[in-house]
Amino acid sequence: MSAVNILILIITLVMLAGAAAVVTMKSMIGAAIMEGIVSLMAALLFLKMGAPDVAITQAVIGAGLSTALFVMALNRAGIDEKEASDE
Amino acid sequence: MNKIAAIFLIGLISAGALGVYISNLPGKKPFKRNGHNDISRAYMTKTANGGKRNVIKKGDRKLENSSSNIVTAVVLDYRGFDTLGEVTVLFAAIAGIGLLLGGSRRRRIRPAGPVISSMAPWIAAFIIITSAYIFLHGHLSPGGGFPGGAMIAAGFLIMVLGMGSRAPKIFKTIETFGGLAFITVGVIGFLKKGSFLQNAFGSGEVGTLFGSIFLGILYAIIGFKVAAELSSGFGEFVAEEEGKHE
């Protein structure tokens, strides 16, 4: 296994762990931020596989704007950590 | 327990799929000799070799579109019509957001604390300068109009949340005239070369900023349009009056 493949494996494992954390996490804001981390790892994966154009778009839109949109929507809907943990 | 099992199963399936995908990546044999890869090979050799068998280098002229970035060449030149469709889809989505949220009363956005509100313009300025570089150099380096415009929107979002600024009216105008300018460039291609969105401005030296003026114009248009659209959309989201739709 070459160094590049090991790096891809590490990134993939982080992505899987992040995706599991999105589902199991109690706090909704935390889940939104973990989703951003999954997107960021996907961007790294694209960069590693030689698609820098896609990587830039994924980092900006997936990790930046959509995370901001989720956090804003959760704030507006009034769902915070306290309410989520009460259920 | 069911949830844990489901997560484990999904993780297993996706890891397996990713493994199969990685082991089938075209590393050593980039192009097949026949089949559907012929079209992509034709485009690749056309741009990368300028129609001849030589690899392009700085100083080459008279190529088909003088782009050093193959992705930009395909997205804007050979598949320019698809990009027009994408721009239209984005326009329709933002128009829907504007229709839903635009008429409501505006909330006054409270600026953040003094540290964030004094740093926000500086951070936003650097983000916007970087994104201008990204969409102006779309034909030279990775990047282009869509990520550049989205980065401008991210910078504007920092200004909205940090300083409480608002989307000015001119964003709507830029949005409208951006779409119009894209179609105008296409019609110019139709009138001069006989095909919609064909490269009508010629091609200069490879690797220079003004070498590929057609792609530069199109990506500048797309960059401004996407920036204006996403900024005004996020502005609507942030400034929506609370509790209006209940």
Side-chain angles (χ1 to χ4, degrees), chain A residues 1-2 4-26 31 34 36 38-79, chain B residues 3-4 6-8 10-15 17-19 21-23 25-27 30 69-72 74-75 97 107 127 130-131 134-135 138 141-158 160-161 226 230-231 233-234 236-245:
Chain A
M1 232 179 172
S2 63
V4 173
N5 278 351
I6 290 172
L7 199 61
I8 287 177
L9 194 68
I10 291 172
I11 293 172
T12 314
L13 289 178
V14 173
M15 271 176 83
L16 281 174
V22 170
V23 184
T24 52
M25 204 168 244
K26 284 277 195 297
M34 287 312 285
V38 173
S39 289
L40 202 61
M41 290 298 132
L44 277 182
L45 206 57
F46 288 140
L47 191 65
K48 218 52 226 169
M49 289 181 173
D53 299 78
V54 190
I56 291 175
T57 312
Q58 176 75 21
V60 171
I61 292 182
L65 287 182
S66 73
T67 307
L69 190 63
F70 274 129
V71 171
M72 266 156 51
L74 289 174
N75 266 336
R76 179 55 50 85
I79 301 170
Chain B
K3 206 156 79 170
I4 307 284
I7 290 168
F8 186 71
I10 290 172
L12 208 65
I13 290 172
S14 36
L18 202 72
Y21 173 68
I22 288 173
S23 61
L25 273 183
N69 183 6
I70 174 69
V71 178
T72 302
V74 171
V75 164
I97 291 174
R107 189 168 65 100
I127 289 178
T130 312
S131 54
I134 280 182
F135 75 70
S141 55
F146 283 104
M151 268 178 83
I152 289 186
F156 180 75
L157 186 65
I158 288 178
V160 168
L161 294 177
V226 171
L230 290 180
S231 301
F234 271 96
E236 307 272 13
F237 272 130
V238 174
E240 185 205 358
E241 179 81 24
E242 211 158 340
K244 181 215 157 213
H245 297 293

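Because the structure is a prediction, the values reported are computed rather than measured.
- Contact of I10(B) with chain A is not made at all, since no heavy-atom distance falls under 4.5 Å.
- Contact annotation for V238(B): both backbone and side-chain heavy atoms come within less than 4.5 Å of a heavy atom of chain A.
- Taking every heavy atom of both residues into account, S14(B) and L16(A) meet most closely at OG-CD2, 3.8 Å.
- Of the two parts of L69(A), the backbone and the side chain both hold a non-hydrogen atom closer than 4.5 Å to a non-hydrogen atom of chain B.
- Residue F237(B) touches chain A through both its backbone and its side chain, counting heavy-atom pairs closer than 4.5 Å.
- With a 4.5 Å cut-off on non-hydrogen atoms, V60(A) touches chain B through its side chain but not through its backbone.
- In terms of heavy-atom proximity, A150(B) sits nearest to L65(A) at O-CD1, 3.7 Å.
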Donor-acceptor pairs under 3.5 angstrom involving side-chain atoms of residues 46-59 of chain A: please list them, not counting sequence neighbours.
| unit_1 | atom_1 | unit_2 | atom_2 | d |
| --- | --- | --- | --- | --- |
| D53(A) | OD2 | N69(B) | ND2 | 3.2 |
| D53(A) | OD2 | G143(B) | N | 3.2 |
| T57(A) | OG1 | D53(A) | O | 3.0 |

